[in-house]
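Since the structure is predicted, the reported quantities are computational estimates derived from the model, not experimental observations. In what follows, every chain begins at residue 1, and chains take the letters A, B, ... in the order their sequences are listed.
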There are 2 protein chains.
Amino acid sequence: MAKQAVGGGHRAAPVHTDPADVSVLTALSALADPVRLQLVRELAGSAEWTRSCGGFDVPVGKAALSHHFSVLRGAGLVEQRDEGPRRVNRLRREEFDARFPGLLDLVLRADGD
Amino acid sequence: MAKQAVGGGHRAAPVHTDPADVSVLTALSALADPVRLQLVRELAGSAEWTRSCGGFDVPVGKAALSHHFSVLRGAGLVEQRDEGPRRVNRLRREEFDARFPGLLDLVLRADGD
DNA sequence: CCGAGTGTTCGATCCGTATCTTACAGTCCC
DNA sequence: GGGACTGTAAGATACGGATCGAACACTCGG
């Protein structure tokens, strides 16, 4: 039997953490990294589900990038979905903001690093 | 000639950083530590200039504690003043909140870790 | 079926930082 | 002046996390 084509996924569906279950420490640690901060910001400036993991201009290799997305998922900041061969992302604005009101706005609004 | 008694200080006056000059990354990194988070919270629950560095119930030695306060100063979160033999602290609520609106409230309000 | 494209996983490495111990520098009180 | 007390500075250590390279899984298009 054929596994359903689209939506079926890369291999195993990515593991997501509900923002409601995320500790402050985890959230802050996830955002306290230049690469992840840039990812979140670029993600915030794009429509949902339009950016695949590889489509970010960050100065790290694929492996590190994959790791960073794993951290962002674990902090309830990003949701991922498999779309054909690529994994597309979405910033969990509402949900994360419900758990940590203002935090996302703050890091997005802030200038510089 | 006698150096002025109180206010003169331990040795050198502690170096402070204006919250306005603090980067988001620095602020988040400073708060993304369990010990410092506890310090900030205890400090928030006390009147200004009433807590000396040694007067916190944290599970680290004096040296590490001194280091943590140095980081908090560098992030514009804490102001210190020498009062006789001890160094007393104050949480820079207003100033820090002006630079990062809501961040302090968030970490103070949040339950657990 | 094979090849190109995309991500994840594993192992190794490297660097920052949190920590301790020890030593030192002040202040206060007797 | 001599302690007791408080905090900082310096050196050593240990651990976590960010990174890379290589190998592997999966999808899609010839």
Side-chain angles (χ1 to χ4, degrees), chain A residues 2-16 25-39 49-75 78-89 113, chain B residues 1-16 25-26 28-39 49-75 78-90:
Chain A
K3 40 180 88 164
Q4 42 195 156
V6 135
H10 231 15
R11 178 177 44 192
V15 181
H16 288 117
L25 233 46
T26 303
L28 293 178
S29 301
L31 291 170
D33 176 280
V35 174
R36 288 193 290 267
L37 198 51
Q38 182 179 343
L39 290 176
W49 308 122
T50 60
R51 308 289 303 265
S52 71
C53 293
F56 291 86
D57 187 24
V58 285
V60 296
K62 301 190 304 177
L65 191 52
S66 182
H67 163 68
H68 283 304
F69 273 108
S70 167
V71 173
L72 290 177
R73 281 200 314 268
V78 162
E79 188 180 356
Q80 297 184 314
R81 174 209 296 174
D82 285 335
E83 209 161 87
R86 77 197 62 166
R87 186 160 281 192
V88 290
N89 302 276
D113 50 348
Chain B
M1 68 279 282
K3 41 181 85 163
Q4 42 196 153
V6 135
H10 231 16
R11 179 175 43 189
V15 181
H16 288 115
L25 233 45
T26 302
L28 294 178
S29 300
L31 291 170
D33 176 280
V35 174
R36 289 193 290 265
L37 198 50
Q38 183 180 342
L39 291 177
W49 308 120
T50 60
R51 309 289 303 266
S52 71
C53 292
F56 291 87
D57 186 23
V58 285
V60 296
K62 302 190 305 176
L65 191 53
S66 181
H67 162 68
H68 284 302
F69 273 108
S70 166
V71 172
L72 290 176
R73 281 200 316 269
V78 163
E79 188 180 355
Q80 297 184 315
R81 173 210 295 174
D82 285 336
E83 207 160 88
R86 77 195 59 156
R87 185 160 281 193
V88 290
N89 302 275
R90 168 195 162 248

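- Comparing D:dT19, D:dG7, C:dT8 by their closest approach to the side chain of A:V35 singles out D:dT19.
- Per the geometry, CG belonging to B:D33 stands 13 Å off C1' belonging to D:dG16, to the nearest Å.
- Relative to the side chain of B:H67, the nucleotides C:dT27, C:dA18, D:dG7 differ in distance, and C:dA18 lies closest.
- A donor-acceptor distance shorter than 3.5 angstrom exists from the side chain of B:R36 to the backbone of B:A30, with no hydrogens or angles considered.
- Atom CG of A:D82 and atom P of C:dG7 are 9 Å apart (whole Å).
- Two residues are said to be in side-chain contact when any heavy atoms from C-beta on lie closer than 4.5 Å; A:V15 and A:S70 fail this criterion.
- Comparing A:A64 and B:Q80, the nucleotide of DNA chain D nearest to each residue sits closer to the 5' end for B:Q80.
- Comparing C:dT8, D:dA18, C:dG26 against the side chain of A:R73 picks out C:dT8 as the nearest.
- Remark: C1' of C:dA25 and CZ of B:R87 are 11 Å apart, rounded to the nearest angstrom.
- For A:R86, whose side chain is taken as the heavy atoms from C-beta onward, the closest listed nucleotide among D:dA18, C:dC28, C:dG7 is C:dG7.
- Regarding A:F69, its CZ atom lies at a distance of 14 Å from the P atom of D:dA18, rounded to whole Å.
- Between the CZ atom of A:R81 and the P atom of C:dG7 there is a distance of 15 Å, rounded to whole Å.
- The main-chain N or O of A:W49 is never found under 3.5 Å from a side-chain atom of A:E79 such that the two would form a donor-acceptor pair.
- A:E83 and A:R81 are joined by a salt bridge, as a carboxylate oxygen and a charged side-chain nitrogen come within less than 4.0 angstrom of each other.
- When the nucleotides C:dT19, C:dT8, D:dG7 are ranked by their closest atom to the side chain of B:K62, D:dG7 comes out on top.
- OP1 or OP2 of C:dG7 has at least one side-chain nitrogen or oxygen of A:S52 nearer than 4.0 Å.
- For B:H68, counting side-chain heavy atoms from C-beta on, the closest listed nucleotide (C:dA18, C:dT27, C:dC10) is C:dA18.
- For A:L65 and D:dG21, the CG to C1' distance is 16 Å, given to the nearest whole Å.
- Between the CZ atom of B:F56 and the C1' atom of D:dG7 there is a distance of 14 Å, given to the nearest Å.
- Looking only at side-chain heavy atoms (C-beta outward), A:L39 and A:L65 come within less than 4.5 Å of each other.
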